[in-house]
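Worksheet: the structure to be examined is printed underneath.
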There are 2 protein chains.
Amino acid sequence: MDESVKERLLAAARRLFSEKGFDRTSVREIARVAGANAAAVSYYFGGKEGLYRAVLEEIWAKLEQHFERFMAADRPPMERIEGFVRGLFAFHAANPSLIRFINRELADPTSCFETVIVPHVEKVAGLLRNSISEAVARGELREGTDPTIAALLLASMSNYLFLVGAVARRVILDPERSLDGLPEGILSVFRKGVACREA
Amino acid sequence: MDESVKERLLAAARRLFSEKGFDRTSVREIARVAGANAAAVSYYFGGKEGLYRAVLEEIWAKLEQHFERFMAADRPPMERIEGFVRGLFAFHAANPSLIRFINRELADPTSCFETVIVPHVEKVAGLLRNSISEAVARGELREGTDPTIAALLLASMSNYLFLVGAVARRVILDPERSLDGLPEGILSVFRKGVACREA
DNA sequence: TAGAATACTAAACAAGCGTTTTAAACGATT
DNA sequence: AATCGTTTAAAACGCTTGTTTAGTATTCTA
(Lines give C-alpha, C1' and ligand atoms only; values in the text may rest on other atoms or scores of the structure.)
Protein backbone atom coordinates (compact mmCIF):
# COMPACT_ATOMS: atom_id res chain seq x y z
CA MET A 1 0.00 0.00 0.00
CA ASP A 2 2.66 2.47 -1.02
CA GLU A 3 0.43 4.37 -3.42
CA SER A 4 -0.80 7.68 -2.19
CA VAL A 5 -4.29 7.94 -0.80
CA LYS A 6 -5.27 10.11 -3.73
CA GLU A 7 -4.18 7.50 -6.24
CA ARG A 8 -5.89 4.71 -4.34
CA LEU A 9 -9.11 6.69 -4.27
CA LEU A 10 -8.90 7.26 -8.01
CA ALA A 11 -8.32 3.57 -8.65
CA ALA A 12 -11.18 2.48 -6.41
CA ALA A 13 -13.52 5.08 -7.88
CA ARG A 14 -12.61 4.05 -11.40
CA ARG A 15 -13.51 0.48 -10.62
CA LEU A 16 -16.69 1.11 -8.68
CA PHE A 17 -18.06 3.87 -10.88
CA SER A 18 -17.54 1.75 -13.98
CA GLU A 19 -19.21 -1.24 -12.39
CA LYS A 20 -22.18 0.44 -10.79
CA GLY A 21 -22.41 4.00 -11.97
CA PHE A 22 -22.37 7.23 -10.03
CA ASP A 23 -25.57 6.89 -8.05
CA ARG A 24 -25.10 3.37 -6.82
CA THR A 25 -21.58 3.96 -5.61
CA SER A 26 -21.22 5.61 -2.23
CA VAL A 27 -18.30 7.65 -1.02
CA ARG A 28 -17.93 5.34 1.94
CA GLU A 29 -17.64 2.32 -0.31
CA ILE A 30 -14.98 3.95 -2.44
CA ALA A 31 -13.06 4.85 0.69
CA ARG A 32 -13.35 1.33 2.05
CA VAL A 33 -12.05 -0.23 -1.16
CA ALA A 34 -9.25 2.32 -1.27
CA GLY A 35 -8.40 1.71 2.36
CA ALA A 36 -8.90 5.37 3.11
CA ASN A 37 -11.25 7.64 4.98
CA ALA A 38 -14.42 8.88 3.38
CA ALA A 39 -13.53 12.46 4.20
CA ALA A 40 -10.47 12.16 1.97
CA VAL A 41 -12.75 12.32 -1.06
CA SER A 42 -13.88 15.80 -0.15
CA TYR A 43 -10.36 16.70 0.92
CA TYR A 44 -8.69 15.78 -2.38
CA PHE A 45 -11.44 16.18 -4.94
CA GLY A 46 -13.85 18.62 -3.37
CA GLY A 47 -16.55 15.99 -3.15
CA LYS A 48 -17.95 12.91 -4.81
CA GLU A 49 -18.71 14.72 -8.03
CA GLY A 50 -15.17 16.04 -8.24
CA LEU A 51 -13.80 12.54 -7.89
CA TYR A 52 -16.17 11.33 -10.55
CA ARG A 53 -15.07 14.13 -12.83
CA ALA A 54 -11.43 13.30 -12.26
CA VAL A 55 -12.02 9.67 -13.17
CA LEU A 56 -13.95 10.68 -16.26
CA GLU A 57 -11.19 13.02 -17.45
CA GLU A 58 -8.63 10.33 -16.84
CA ILE A 59 -10.53 7.79 -18.92
CA TRP A 60 -11.20 10.14 -21.78
CA ALA A 61 -7.56 11.16 -21.91
CA LYS A 62 -6.60 7.51 -22.17
CA LEU A 63 -9.21 6.84 -24.82
CA GLU A 64 -8.22 9.84 -26.91
CA GLN A 65 -4.60 8.82 -26.70
CA HIS A 66 -5.70 5.44 -27.95
CA PHE A 67 -7.60 6.95 -30.85
CA GLU A 68 -4.72 9.20 -31.80
CA ARG A 69 -2.61 6.13 -32.18
CA PHE A 70 -5.18 4.18 -34.15
CA MET A 71 -6.35 7.12 -36.22
CA ALA A 72 -3.07 8.94 -36.82
CA ALA A 73 -3.55 11.92 -39.12
CA ASP A 74 -0.86 10.81 -41.56
CA ARG A 75 -2.68 7.62 -42.45
CA PRO A 76 -5.04 7.30 -45.38
CA PRO A 77 -8.68 7.85 -44.46
CA MET A 78 -9.87 4.27 -44.81
CA GLU A 79 -7.15 3.15 -42.45
CA ARG A 80 -8.27 5.73 -39.94
CA ILE A 81 -11.83 4.47 -40.21
CA GLU A 82 -10.65 0.94 -39.62
CA GLY A 83 -8.52 2.24 -36.78
CA PHE A 84 -11.60 3.67 -35.12
CA VAL A 85 -13.31 0.31 -34.94
CA ARG A 86 -10.25 -1.75 -34.11
CA GLY A 87 -9.07 0.81 -31.61
CA LEU A 88 -12.38 0.78 -29.83
CA PHE A 89 -12.38 -3.00 -29.55
CA ALA A 90 -8.75 -3.05 -28.46
CA PHE A 91 -9.44 -0.44 -25.83
CA HIS A 92 -12.34 -2.40 -24.54
CA ALA A 93 -10.27 -5.55 -24.38
CA ALA A 94 -7.56 -3.75 -22.43
CA ASN A 95 -9.90 -1.83 -20.16
CA PRO A 96 -12.96 -3.93 -19.58
CA SER A 97 -15.94 -2.02 -18.21
CA LEU A 98 -14.48 1.40 -18.91
CA ILE A 99 -16.38 1.73 -22.15
CA ARG A 100 -19.52 1.06 -20.22
CA PHE A 101 -18.51 3.86 -17.88
CA ILE A 102 -18.35 6.28 -20.76
CA ASN A 103 -21.44 5.00 -22.45
CA ARG A 104 -23.46 5.20 -19.28
CA GLU A 105 -22.51 8.85 -19.11
CA LEU A 106 -23.67 9.25 -22.69
CA ALA A 107 -26.97 7.56 -21.99
CA ASP A 108 -27.59 9.40 -18.76
CA PRO A 109 -25.58 12.58 -18.51
CA THR A 110 -24.46 13.88 -15.16
CA SER A 111 -23.26 17.40 -14.50
CA CYS A 112 -19.98 16.53 -16.21
CA PHE A 113 -21.75 16.31 -19.51
CA GLU A 114 -21.13 19.80 -20.81
CA THR A 115 -17.62 20.26 -19.54
CA VAL A 116 -16.16 16.81 -20.06
CA ILE A 117 -18.25 14.72 -22.41
CA VAL A 118 -19.24 17.17 -25.10
CA PRO A 119 -15.72 18.38 -25.96
CA HIS A 120 -14.26 14.89 -26.11
CA VAL A 121 -17.06 13.39 -28.15
CA GLU A 122 -16.88 16.34 -30.50
CA LYS A 123 -13.22 15.66 -31.07
CA VAL A 124 -13.55 11.94 -31.77
CA ALA A 125 -16.70 12.44 -33.85
CA GLY A 126 -14.85 15.05 -35.87
CA LEU A 127 -11.95 12.69 -36.52
CA LEU A 128 -14.29 10.01 -37.78
CA ARG A 129 -16.43 12.36 -39.85
CA ASN A 130 -13.39 13.87 -41.53
CA SER A 131 -11.98 10.47 -42.33
CA ILE A 132 -15.22 9.52 -44.01
CA SER A 133 -15.39 12.79 -45.93
CA GLU A 134 -11.88 12.24 -47.21
CA ALA A 135 -12.63 8.67 -48.17
CA VAL A 136 -15.64 9.89 -50.13
CA ALA A 137 -13.56 12.59 -51.83
CA ARG A 138 -11.00 9.98 -52.80
CA GLY A 139 -13.71 7.85 -54.31
CA GLU A 140 -13.21 5.09 -51.75
CA LEU A 141 -16.72 5.43 -50.37
CA ARG A 142 -19.84 6.05 -52.35
CA GLU A 143 -20.41 9.58 -53.54
CA GLY A 144 -23.30 11.24 -51.79
CA THR A 145 -22.61 9.41 -48.53
CA ASP A 146 -23.49 11.66 -45.62
CA PRO A 147 -20.39 11.63 -43.40
CA THR A 148 -22.38 12.46 -40.30
CA ILE A 149 -24.85 9.63 -40.77
CA ALA A 150 -22.16 7.20 -41.80
CA ALA A 151 -20.11 8.11 -38.73
CA LEU A 152 -23.16 7.69 -36.54
CA LEU A 153 -23.91 4.23 -37.91
CA LEU A 154 -20.33 3.07 -37.61
CA ALA A 155 -20.16 4.32 -34.04
CA SER A 156 -23.47 2.62 -33.34
CA MET A 157 -22.25 -0.77 -34.46
CA SER A 158 -18.96 -0.36 -32.63
CA ASN A 159 -20.39 0.80 -29.32
CA TYR A 160 -23.77 -0.81 -28.84
CA LEU A 161 -22.53 -4.24 -27.90
CA PHE A 162 -20.46 -2.89 -25.05
CA LEU A 163 -23.21 -0.60 -23.94
CA VAL A 164 -25.74 -3.34 -23.50
CA GLY A 165 -23.06 -5.73 -22.36
CA ALA A 166 -25.01 -7.47 -19.68
CA VAL A 167 -27.97 -8.41 -21.80
CA ALA A 168 -25.93 -8.95 -24.93
CA ARG A 169 -23.89 -11.71 -23.38
CA ARG A 170 -26.96 -13.33 -21.91
CA VAL A 171 -29.48 -13.09 -24.68
CA ILE A 172 -28.10 -11.90 -27.99
CA LEU A 173 -24.75 -13.62 -28.17
CA ASP A 174 -23.48 -16.90 -26.88
CA PRO A 175 -21.46 -16.16 -23.77
CA GLU A 176 -18.61 -18.27 -25.09
CA ARG A 177 -18.61 -16.84 -28.58
CA SER A 178 -15.42 -15.01 -29.42
CA LEU A 179 -15.71 -11.40 -30.46
CA ASP A 180 -12.46 -11.45 -32.37
CA GLY A 181 -14.10 -11.32 -35.77
CA LEU A 182 -16.65 -8.66 -34.91
CA PRO A 183 -14.60 -5.55 -35.81
CA GLU A 184 -13.96 -6.98 -39.26
CA GLY A 185 -17.63 -7.89 -39.56
CA ILE A 186 -18.64 -4.34 -38.73
CA LEU A 187 -16.14 -2.95 -41.20
CA SER A 188 -17.38 -5.35 -43.83
CA VAL A 189 -20.97 -4.23 -43.39
CA PHE A 190 -19.86 -0.61 -43.32
CA ARG A 191 -17.68 -0.86 -46.41
CA LYS A 192 -20.31 -2.60 -48.44
CA GLY A 193 -23.05 -0.45 -47.01
CA VAL A 194 -21.48 2.79 -48.17
CA ALA A 195 -19.02 1.30 -50.61
CA CYS A 196 -18.08 2.99 -53.82
CA ARG A 197 -19.47 0.52 -56.28
CA GLU A 198 -23.13 -0.35 -56.26
CA ALA A 199 -23.93 -4.02 -56.23
CA MET B 1 -58.10 14.51 -11.78
CA ASP B 2 -60.61 11.76 -12.20
CA GLU B 3 -58.04 9.04 -12.74
CA SER B 4 -57.44 6.72 -9.87
CA VAL B 5 -54.46 7.26 -7.64
CA LYS B 6 -52.92 4.06 -8.91
CA GLU B 7 -53.12 5.22 -12.51
CA ARG B 8 -51.77 8.63 -11.66
CA LEU B 9 -48.85 7.06 -9.87
CA LEU B 10 -48.11 4.87 -12.87
CA ALA B 11 -48.23 7.85 -15.23
CA ALA B 12 -46.00 9.98 -13.04
CA ALA B 13 -43.56 7.14 -12.53
CA ARG B 14 -43.45 6.44 -16.22
CA ARG B 15 -42.51 10.03 -16.92
CA LEU B 16 -40.01 10.51 -14.12
CA PHE B 17 -38.32 7.12 -14.42
CA SER B 18 -37.87 7.65 -18.17
CA GLU B 19 -36.45 11.10 -17.68
CA LYS B 20 -34.14 10.49 -14.78
CA GLY B 21 -33.85 6.79 -14.16
CA PHE B 22 -34.62 4.77 -11.07
CA ASP B 23 -32.04 6.14 -8.67
CA ARG B 24 -32.57 9.82 -9.32
CA THR B 25 -36.32 9.59 -8.93
CA SER B 26 -37.66 9.59 -5.39
CA VAL B 27 -40.93 8.16 -4.23
CA ARG B 28 -41.88 11.52 -2.80
CA GLU B 29 -41.36 13.21 -6.16
CA ILE B 30 -43.49 10.65 -7.96
CA ALA B 31 -46.21 11.16 -5.39
CA ARG B 32 -46.03 14.93 -5.71
CA VAL B 33 -46.33 14.80 -9.50
CA ALA B 34 -49.17 12.32 -9.22
CA GLY B 35 -50.92 14.45 -6.62
CA ALA B 36 -50.88 11.55 -4.22
CA ASN B 37 -49.29 10.52 -0.97
CA ALA B 38 -45.91 8.85 -0.95
CA ALA B 39 -47.24 5.97 1.12
CA ALA B 40 -49.56 5.06 -1.73
CA VAL B 41 -46.57 3.68 -3.64
CA SER B 42 -46.00 1.04 -1.01
CA TYR B 43 -49.72 0.50 -0.66
CA TYR B 44 -50.39 -0.21 -4.32
CA PHE B 45 -47.10 -1.57 -5.60
CA GLY B 46 -45.37 -2.92 -2.53
CA GLY B 47 -42.64 -0.33 -2.80
CA LYS B 48 -40.65 1.74 -5.21
CA GLU B 49 -39.21 -1.27 -6.98
CA GLY B 50 -42.65 -2.73 -7.53
CA LEU B 51 -43.80 0.48 -9.15
CA TYR B 52 -40.73 0.50 -11.34
CA ARG B 53 -41.38 -3.08 -12.35
CA ALA B 54 -44.99 -2.27 -13.20
CA VAL B 55 -43.91 0.59 -15.43
CA LEU B 56 -41.32 -1.56 -17.12
CA GLU B 57 -43.82 -4.34 -17.83
CA GLU B 58 -46.27 -1.80 -19.19
CA ILE B 59 -43.71 -0.36 -21.59
CA TRP B 60 -42.47 -3.71 -22.81
CA ALA B 61 -46.01 -4.86 -23.44
CA LYS B 62 -46.61 -1.78 -25.55
CA LEU B 63 -43.36 -2.23 -27.43
CA GLU B 64 -43.98 -5.88 -28.14
CA GLN B 65 -47.45 -5.09 -29.36
CA HIS B 66 -45.82 -2.58 -31.65
CA PHE B 67 -43.35 -5.13 -32.97
CA GLU B 68 -46.03 -7.72 -33.51
CA ARG B 69 -47.76 -5.26 -35.79
CA PHE B 70 -44.64 -4.28 -37.68
CA MET B 71 -43.16 -7.77 -37.82
CA ALA B 72 -46.28 -9.85 -38.38
CA ALA B 73 -45.41 -13.50 -38.89
CA ASP B 74 -47.31 -13.77 -42.17
CA ARG B 75 -45.09 -11.22 -43.89
CA PRO B 76 -42.04 -12.11 -45.92
CA PRO B 77 -38.80 -11.97 -43.94
CA MET B 78 -37.33 -8.85 -45.51
CA GLU B 79 -40.50 -6.97 -44.70
CA ARG B 80 -40.25 -8.08 -41.11
CA ILE B 81 -36.66 -6.86 -40.98
CA GLU B 82 -37.74 -3.51 -42.35
CA GLY B 83 -40.60 -3.53 -39.90
CA PHE B 84 -38.17 -3.88 -37.03
CA VAL B 85 -36.34 -0.70 -37.95
CA ARG B 86 -39.38 1.32 -38.95
CA GLY B 87 -41.33 0.10 -35.97
CA LEU B 88 -38.61 1.11 -33.58
CA PHE B 89 -38.44 4.60 -35.04
CA ALA B 90 -42.20 4.93 -35.07
CA PHE B 91 -42.40 3.81 -31.47
CA HIS B 92 -39.80 6.31 -30.48
CA ALA B 93 -41.63 9.08 -32.30
CA ALA B 94 -44.86 8.18 -30.53
CA ASN B 95 -43.30 7.63 -27.10
CA PRO B 96 -40.38 9.95 -26.73
CA SER B 97 -38.01 9.01 -23.89
CA LEU B 98 -39.47 5.55 -23.39
CA ILE B 99 -36.81 3.93 -25.51
CA ARG B 100 -34.23 5.57 -23.33
CA PHE B 101 -36.03 4.05 -20.36
CA ILE B 102 -35.60 0.59 -21.78
CA ASN B 103 -32.09 1.17 -22.96
CA ARG B 104 -31.00 2.51 -19.63
CA GLU B 105 -32.19 -0.71 -18.12
CA LEU B 106 -30.17 -2.60 -20.71
CA ALA B 107 -27.05 -0.60 -19.99
CA ASP B 108 -27.43 -0.75 -16.24
CA PRO B 109 -29.66 -3.60 -15.15
CA THR B 110 -31.71 -3.33 -12.01
CA SER B 111 -33.26 -6.25 -10.18
CA CYS B 112 -35.92 -6.43 -12.90
CA PHE B 113 -33.32 -7.59 -15.36
CA GLU B 114 -33.82 -11.32 -15.08
CA THR B 115 -37.57 -11.38 -14.73
CA VAL B 116 -38.61 -8.62 -17.10
CA ILE B 117 -35.83 -7.66 -19.48
CA VAL B 118 -34.33 -11.00 -20.44
CA PRO B 119 -37.58 -12.66 -21.57
CA HIS B 120 -38.71 -9.71 -23.64
CA VAL B 121 -35.37 -9.10 -25.30
CA GLU B 122 -35.12 -12.79 -26.05
CA LYS B 123 -38.46 -12.67 -27.80
CA VAL B 124 -37.71 -9.64 -29.98
CA ALA B 125 -34.17 -10.80 -30.70
CA GLY B 126 -35.57 -14.16 -31.75
CA LEU B 127 -38.04 -12.53 -34.12
CA LEU B 128 -35.28 -10.56 -35.78
CA ARG B 129 -32.84 -13.45 -35.93
CA ASN B 130 -35.42 -15.73 -37.49
CA SER B 131 -36.35 -13.14 -40.07
CA ILE B 132 -32.72 -12.84 -41.08
CA SER B 133 -32.29 -16.61 -41.22
CA GLU B 134 -35.27 -16.91 -43.48
CA ALA B 135 -34.08 -14.10 -45.71
CA VAL B 136 -30.75 -15.87 -46.06
CA ALA B 137 -32.48 -19.17 -46.83
CA ARG B 138 -34.52 -17.43 -49.50
CA GLY B 139 -31.38 -16.02 -51.05
CA GLU B 140 -32.36 -12.45 -50.21
CA LEU B 141 -29.37 -11.93 -47.98
CA ARG B 142 -25.87 -13.14 -48.57
CA GLU B 143 -25.23 -16.79 -47.86
CA GLY B 144 -23.00 -17.33 -44.88
CA THR B 145 -24.42 -14.30 -43.06
CA ASP B 146 -24.47 -14.96 -39.35
CA PRO B 147 -28.04 -14.15 -38.26
CA THR B 148 -26.99 -13.37 -34.72
CA ILE B 149 -24.31 -10.91 -35.73
CA ALA B 150 -26.48 -9.36 -38.40
CA ALA B 151 -29.30 -8.92 -35.91
CA LEU B 152 -26.92 -7.38 -33.42
CA LEU B 153 -25.62 -4.86 -35.93
CA LEU B 154 -29.07 -3.93 -37.14
CA ALA B 155 -30.26 -3.46 -33.58
CA SER B 156 -27.14 -1.43 -32.87
CA MET B 157 -27.81 1.02 -35.67
CA SER B 158 -31.48 1.27 -34.79
CA ASN B 159 -31.04 1.81 -31.07
CA TYR B 160 -27.81 3.67 -30.50
CA LEU B 161 -29.05 7.07 -31.58
CA PHE B 162 -31.86 7.01 -29.06
CA LEU B 163 -29.65 5.63 -26.38
CA VAL B 164 -27.14 8.45 -26.57
CA GLY B 165 -29.90 10.90 -27.38
CA ALA B 166 -28.61 13.77 -25.32
CA VAL B 167 -25.14 13.85 -26.78
CA ALA B 168 -26.25 12.83 -30.24
CA ARG B 169 -28.46 15.85 -30.66
CA ARG B 170 -25.80 18.16 -29.30
CA VAL B 171 -22.66 16.88 -30.92
CA ILE B 172 -23.20 14.28 -33.58
CA LEU B 173 -26.27 15.50 -35.39
CA ASP B 174 -27.62 18.94 -36.08
CA PRO B 175 -30.45 19.49 -33.63
CA GLU B 176 -32.70 20.64 -36.45
CA ARG B 177 -31.86 17.80 -38.79
CA SER B 178 -34.81 15.59 -39.54
CA LEU B 179 -34.49 11.90 -38.75
CA ASP B 180 -37.13 10.88 -41.27
CA GLY B 181 -34.65 9.36 -43.66
CA LEU B 182 -32.59 7.52 -41.09
CA PRO B 183 -34.51 4.21 -40.98
CA GLU B 184 -34.15 3.88 -44.73
CA GLY B 185 -30.48 4.82 -44.45
CA ILE B 186 -29.94 2.08 -41.88
CA LEU B 187 -31.78 -0.43 -44.02
CA SER B 188 -29.75 0.62 -47.03
CA VAL B 189 -26.48 0.04 -45.20
CA PHE B 190 -27.80 -3.23 -43.82
CA ARG B 191 -29.07 -4.52 -47.13
CA LYS B 192 -25.88 -3.68 -48.96
CA GLY B 193 -23.76 -4.81 -46.05
CA VAL B 194 -25.21 -8.30 -46.04
CA ALA B 195 -26.82 -8.23 -49.45
CA CYS B 196 -27.01 -11.24 -51.65
CA ARG B 197 -24.90 -10.02 -54.52
CA GLU B 198 -21.33 -9.02 -53.94
CA ALA B 199 -20.32 -5.64 -55.31
C1' DT C 1 14.71 22.81 17.00
C1' DA C 2 10.53 25.67 16.68
C1' DG C 3 6.91 26.60 13.82
C1' DA C 4 4.04 26.20 9.93
C1' DA C 5 2.06 23.74 6.38
C1' DT C 6 0.32 19.45 4.85
C1' DA C 7 -1.92 14.80 5.31
C1' DC C 8 -5.16 12.32 7.24
C1' DT C 9 -8.93 10.74 10.47
C1' DA C 10 -12.91 10.00 13.65
C1' DA C 11 -17.03 11.86 14.79
C1' DA C 12 -20.87 14.58 14.13
C1' DC C 13 -24.31 16.81 11.04
C1' DA C 14 -28.13 17.84 8.28
C1' DA C 15 -30.76 16.21 4.62
C1' DG C 16 -32.92 12.84 2.01
C1' DC C 17 -34.27 8.23 1.33
C1' DG C 18 -38.04 4.22 1.28
C1' DT C 19 -41.09 2.32 4.34
C1' DT C 20 -44.21 1.60 8.28
C1' DT C 21 -47.47 3.02 11.49
C1' DT C 22 -51.53 5.11 12.87
C1' DA C 23 -55.59 6.99 11.99
C1' DA C 24 -59.13 9.32 9.52
C1' DA C 25 -62.38 9.37 5.54
C1' DC C 26 -65.00 6.95 2.25
C1' DG C 27 -68.48 3.74 0.04
C1' DA C 28 -70.94 -0.33 0.10
C1' DT C 29 -73.43 -3.80 2.78
C1' DT C 30 -75.93 -5.46 6.49
C1' DA D 1 -77.76 3.71 11.29
C1' DA D 2 -73.91 0.58 12.24
C1' DT D 3 -70.22 -1.98 10.44
C1' DC D 4 -67.29 -3.48 7.23
C1' DG D 5 -63.13 -3.52 4.08
C1' DT D 6 -60.91 -0.26 1.18
C1' DT D 7 -58.58 3.90 0.25
C1' DT D 8 -55.99 7.99 1.37
C1' DA D 9 -53.10 11.03 4.56
C1' DA D 10 -49.83 12.66 8.03
C1' DA D 11 -46.30 11.66 10.84
C1' DA D 12 -42.64 9.22 12.42
C1' DC D 13 -38.94 5.66 11.91
C1' DG D 14 -34.58 3.88 10.91
C1' DC D 15 -31.18 4.21 7.72
C1' DT D 16 -27.84 6.00 4.40
C1' DT D 17 -26.16 9.67 2.02
C1' DG D 18 -22.32 13.44 1.12
C1' DT D 19 -20.09 16.82 3.64
C1' DT D 20 -18.09 19.43 7.47
C1' DT D 21 -15.82 20.06 11.71
C1' DA D 22 -12.33 19.62 14.74
C1' DG D 23 -8.53 17.52 15.82
C1' DT D 24 -4.18 14.74 15.54
C1' DA D 25 -0.19 13.12 13.40
C1' DT D 26 3.37 13.85 10.04
C1' DT D 27 6.44 16.37 7.09
C1' DC D 28 8.75 20.20 5.53
C1' DT D 29 10.84 24.76 6.24
C1' DA D 30 13.39 28.33 8.59
Side-chain angles (χ1 to χ4, degrees), chain A residues 1-58 101 104-105 108-116, chain B residues 1-58 101 104-105 108-116:
Chain A
M1 229 197 264
D2 46 359
E3 284 175 304
S4 75
V5 169
K6 193 173 178 182
E7 278 165 356
R8 267 153 41 211
L9 281 175
L10 270 172
R14 192 167 46 234
R15 204 192 88 194
L16 293 169
F17 281 146
S18 359
E19 279 171 9
K20 316 196 297 176
F22 183 83
D23 292 312
R24 282 171 219 188
T25 304
S26 78
V27 169
R28 282 176 175 82
E29 187 180 6
I30 295 170
R32 202 182 60 238
V33 169
N37 190 285
V41 169
S42 286
Y43 178 75
Y44 283 112
F45 301 96
K48 183 187 185 184
E49 196 182 302
L51 174 55
Y52 181 80
R53 186 179 299 265
V55 172
L56 211 54
E57 299 264 24
E58 198 188 49
F101 191 133
R104 176 163 26 213
E105 183 68 26
D108 231 341
T110 69
S111 65
C112 300
F113 181 71
E114 293 293 334
T115 53
V116 184
Chain B
M1 222 185 279
D2 46 359
E3 284 173 304
S4 74
V5 168
K6 192 173 177 181
E7 278 165 356
R8 268 152 42 210
L9 281 176
L10 270 173
R14 192 166 47 235
R15 206 192 87 194
L16 292 170
F17 281 146
S18 351
E19 280 171 7
K20 316 195 297 175
F22 183 83
D23 293 312
R24 281 172 218 186
T25 304
S26 77
V27 169
R28 283 175 174 85
E29 186 180 6
I30 295 171
R32 204 184 56 240
V33 169
N37 190 285
V41 169
S42 285
Y43 178 76
Y44 282 112
F45 301 96
K48 182 187 185 183
E49 195 181 303
L51 174 54
Y52 181 80
R53 186 179 299 266
V55 171
L56 210 55
E57 299 264 24
E58 200 189 49
F101 191 131
R104 177 165 23 216
E105 183 69 26
D108 229 339
T110 69
S111 64
C112 300
F113 182 71
E114 292 294 335
T115 53
V116 183

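Sequence lines set the chain letters: A, B, ... in the order given, protein chains first and strands last, and positions in each chain run from 1.
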Grab the [atom1]-[atom2] distance between [X] and [N] for me, whole Å please.
X: Arg32(B); N: dA9(D); atom1: CZ; atom2: C1'; value: 17 Å
X: Phe45(B); N: dT7(D); atom1: CZ; atom2: P; value: 12 Å
X: Ile30(A); N: dT9(C); atom1: CD1; atom2: C1'; value: 18 Å
X: Arg24(B); N: dG18(C); atom1: CZ; atom2: P; value: 14 Å
X: Glu29(B); N: dT19(C); atom1: CD; atom2: P; value: 16 Å
X: Glu49(B); N: dT19(C); atom1: CD; atom2: P; value: 8 Å
X: Leu9(A); N: dT9(C); atom1: CG; atom2: C1'; value: 13 Å
X: Lys48(B); N: dG16(C); atom1: NZ; atom2: P; value: 15 Å

Gap separating the [atom1] atom of [X] from the [atom2] atom of [Y], nearest 0.5 angstrom:
X: Phe22(B); Y: Arg104(B); atom1: CZ; atom2: CZ; result: 12.0 Å
X: Glu105(A); Y: Leu56(A); atom1: CD; atom2: CG; result: 5.5 Å
X: Leu10(A); Y: Phe45(A); atom1: CG; atom2: CZ; result: 4.0 Å

Sub-4.5 Å side-chain heavy-atom contact between Tyr43(A) and Asn37(A): no

Set out, in order, the CA-CA distance, both residues' side-chain angles and the distance that settles salt bridge (Lys or Arg N to Asp or Glu O under 4.0 Å) for Arg53(B) and Glu57(B), then state yes or no. CA-CA 6 Å; Arg53(B) 186 179 299 266; Glu57(B) 299 264 24; 5.6 Å; no

Reckon Asn37(A) has a side-chain N or O less than 4.0 Å from the OP1 or OP2 of dA10(C)? yes

Residue-phosphate contact under 4.0 Å: Tyr43(A) side-chain N/O, dA7(C) OP1/OP2: yes

Nearest-nucleotide check on DNA chain C, Arg28(A) vs Ala40(A); residue mapping nearer the 5' end is Ala40(A)

Residue pair Lys6(A)/Ala38(B) against DNA chain C: nearer the 5' end by closest nucleotide is Lys6(A)

Describe the nucleic acid contact of Ser42(A) in one word from base, sugar-phosphate, nothing, applying a heavy-atom distance below 4.0 Å. base

Base, sugar-phosphate or nothing for Val41(A)? Non-hydrogen atoms, less than 4.0 Å. nothing

